[in-house]
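What you see is a predicted model; the values in this text were computed from it and never measured. A note on names: the letters A, B, ... follow the listed sequences, proteins ahead of strands, and every chain is numbered from 1. Below, all heavy atoms of this structure are taken into account, side chains as well, without hydrogens, waters or symmetry copies.
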2 protein chains.
Amino acid sequence: MPNGRFATALHLLTLLHVKEGELLSSDYMAGSVNVNPAVVRKELKNLGDHGLVSSKEGRGGGYALGKPAVQIYLSDVYRIVSERPVLGRTNDPNPDCPVGKQINDHLGDLYHRADEVLLAELGQLTLEVFGRKFD
Amino acid sequence: MPNGRFATALHLLTLLHVKEGELLSSDYMAGSVNVNPAVVRKELKNLGDHGLVSSKEGRGGGYALGKPAVQIYLSDVYRIVSERPVLGRTNDPNPDCPVGKQINDHLGDLYHRADEVLLAELGQLTLEVFGRKFD
DNA sequence: AATTACTGTAACAAAGGTTATTACAGAATA
DNA sequence: TATTCTGTAATAACCTTTGTTACAGTAATT
């Protein structure tokens with residue numbers, strides 16, 4: 001994962017948690033994260049599709065958590081924003097080479113285990129616990 | 001890590017291990033991994049700078065493992081090829097926002113722990129063990 | 001000595017993926 | 001009806017990674 005989507009998503013969720021009770025606009029949140037409002041809306045829509053965020057359209061609308069922060073695990077966030085395995089992508093090796101023919105299968109196993117341990121680690125933290133670190 | 005350097009590096013090291021005793025050329029290895037020979041030379045030079053690979057210049061030269069495969073941990077490989085934390089980069093949030101001001105510190109802690117568990121997992125495998133999977 | 005076959009390395013091009021930007025339709029409130 | 005939001009698409013800008021080309025340096029071979 002070369003990008004900053006995890007950081008962005010967790011920042012957004014933390015804002016929603018810290019300001020629980022109010023509806024936050026994408027413009028406001030974009031100002032805190034320092035990214036474009038349209039990017040915020042896209043990411044929040046994505047998180048919303050997975051139940052972590054709810055939204056209200058129209059004037060006076062905005063975003064809120066879609067479920068209690070104690071039920072949002074950081075592993076959920078990771079799963080939602082990262083489409084590629086942690087260890088990166090694989091190549092398209094030469095099938096005529098004994099190593100090339102088999103390497104992707106073995107890399108696949110390894111990548112899978114790496115994702116597992118990462119998810120296990122992130123699964124130990126909820127948004128509520130993470131949010132306690134903030135004043 | 002959005003890229004394929006880990007896969008490339010491990011493929012190269014596996015080739016060197018499987019064909020231990022001979023010197024392999026960057027052209028040959030590039031043919032197995034299916035990437036450009038110059039890319040192979042760059043990556044092998046990098047692995048060599050960290051002691052995992054030795055090289056011999058000039059005619060009849062090539063590459064070999066720099067130390068026994070039982071002493072090469074996959075965590076070493078990961079450390080060498082990945083300059084960014086697994087969870088990705090962070091943003092440059094607004095310091096005027098309470099959350100924005102602190103988020104990168106807390107993300108930093110999280111990223112550090114994520115890297116730790118990943119390294120611990122990869123540290124359980126050596127190149128020798130990984131290489132047993134191949135015919 | 002000259003040739004050959006390699007690595008080491010730099011410079012630059014190409015490709016791919018991520019984020020920014022702009023724009024506007026649609027929804028809900030005032 | 002005007003306003004203020006989200007939802008969403010299209011496109012541009014940017015950045016990172018990989019590919020490509022080229023050539024200097026080194027060591028064996030002839």
Query raised in the report: Between B/Asn91 and B/Gly62, which is nearer to the 5' end of DNA chain C once each is assigned its nearest nucleotide?
Result: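 Going by which nucleotide is closer to the 5' end, it is B/Gly62.
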Can you measure [X] atom [atom1] to [N] atom [atom2] for me and round it to whole angstrom units?
{"X": "B/Glu57", "N": "D/dC23", "atom1": "CD", "atom2": "P", "value": "19 Å"}
{"X": "A/Glu43", "N": "D/dT6", "atom1": "CD", "atom2": "P", "value": "15 Å"}
{"X": "A/Leu44", "N": "D/dG7", "atom1": "CG", "atom2": "C1'", "value": "12 Å"}
{"X": "B/Asp27", "N": "C/dT7", "atom1": "CG", "atom2": "P", "value": "7 Å"}
{"X": "B/Met29", "N": "C/dC6", "atom1": "CE", "atom2": "P", "value": "14 Å"}
{"X": "A/Leu23", "N": "C/dA28", "atom1": "CG", "atom2": "P", "value": "13 Å"}
{"X": "B/Leu47", "N": "C/dG8", "atom1": "CG", "atom2": "P", "value": "12 Å"}
{"X": "B/Lys42", "N": "D/dG19", "atom1": "NZ", "atom2": "P", "value": "9 Å"}

Is the shortest side-chain N/O distance from [X] to OP1 or OP2 of [N] below 4.0 Å?
{"X": "A/Tyr63", "N": "D/dG7", "answer": "yes"}
{"X": "A/Lys56", "N": "C/dT29", "answer": "yes"}
{"X": "B/Arg84", "N": "D/dC15", "answer": "no"}
{"X": "A/Ser55", "N": "D/dT6", "answer": "no"}

Heavy-atom side-chain proximity of [X] to [Y] below 4.5 angstrom:
{"X": "A/Leu122", "Y": "A/Val77", "result": "no"}
{"X": "B/Thr90", "Y": "B/Tyr111", "result": "yes"}
{"X": "A/His50", "Y": "A/Asp76", "result": "no"}

Query raised in the report: Taking atom CG of B/Leu119 and atom CG of B/Leu74, what is their separation to the nearest 0.5 Å?
Result: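 Reported value, rounded in 0.5 Å steps: 11.0 Å.
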Nearest of [options] to any side-chain atom of [X]?
{"X": "A/Val39", "options": "C/dT19, D/dT6, C/dT7", "answer": "C/dT19"}
{"X": "A/Arg41", "options": "D/dG7, C/dG17, D/dT16", "answer": "D/dG7"}
{"X": "A/Arg59", "options": "D/dT4, D/dA28, D/dT21", "answer": "D/dT4"}

Report task. Identify which one of B/Lys133, B/Arg132, B/Glu128 satisfies the side chain to side chain contact (heavy atoms under 4.5 Å, CB included) criterion when paired with B/Phe130. Result -> B/Lys133
Query raised in the report: How do A/Ala38 and B/Asn36 order along DNA chain D: which one's closest nucleotide is nearer the 5' end?
Result: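 Upstream on the strand: A/Ala38.
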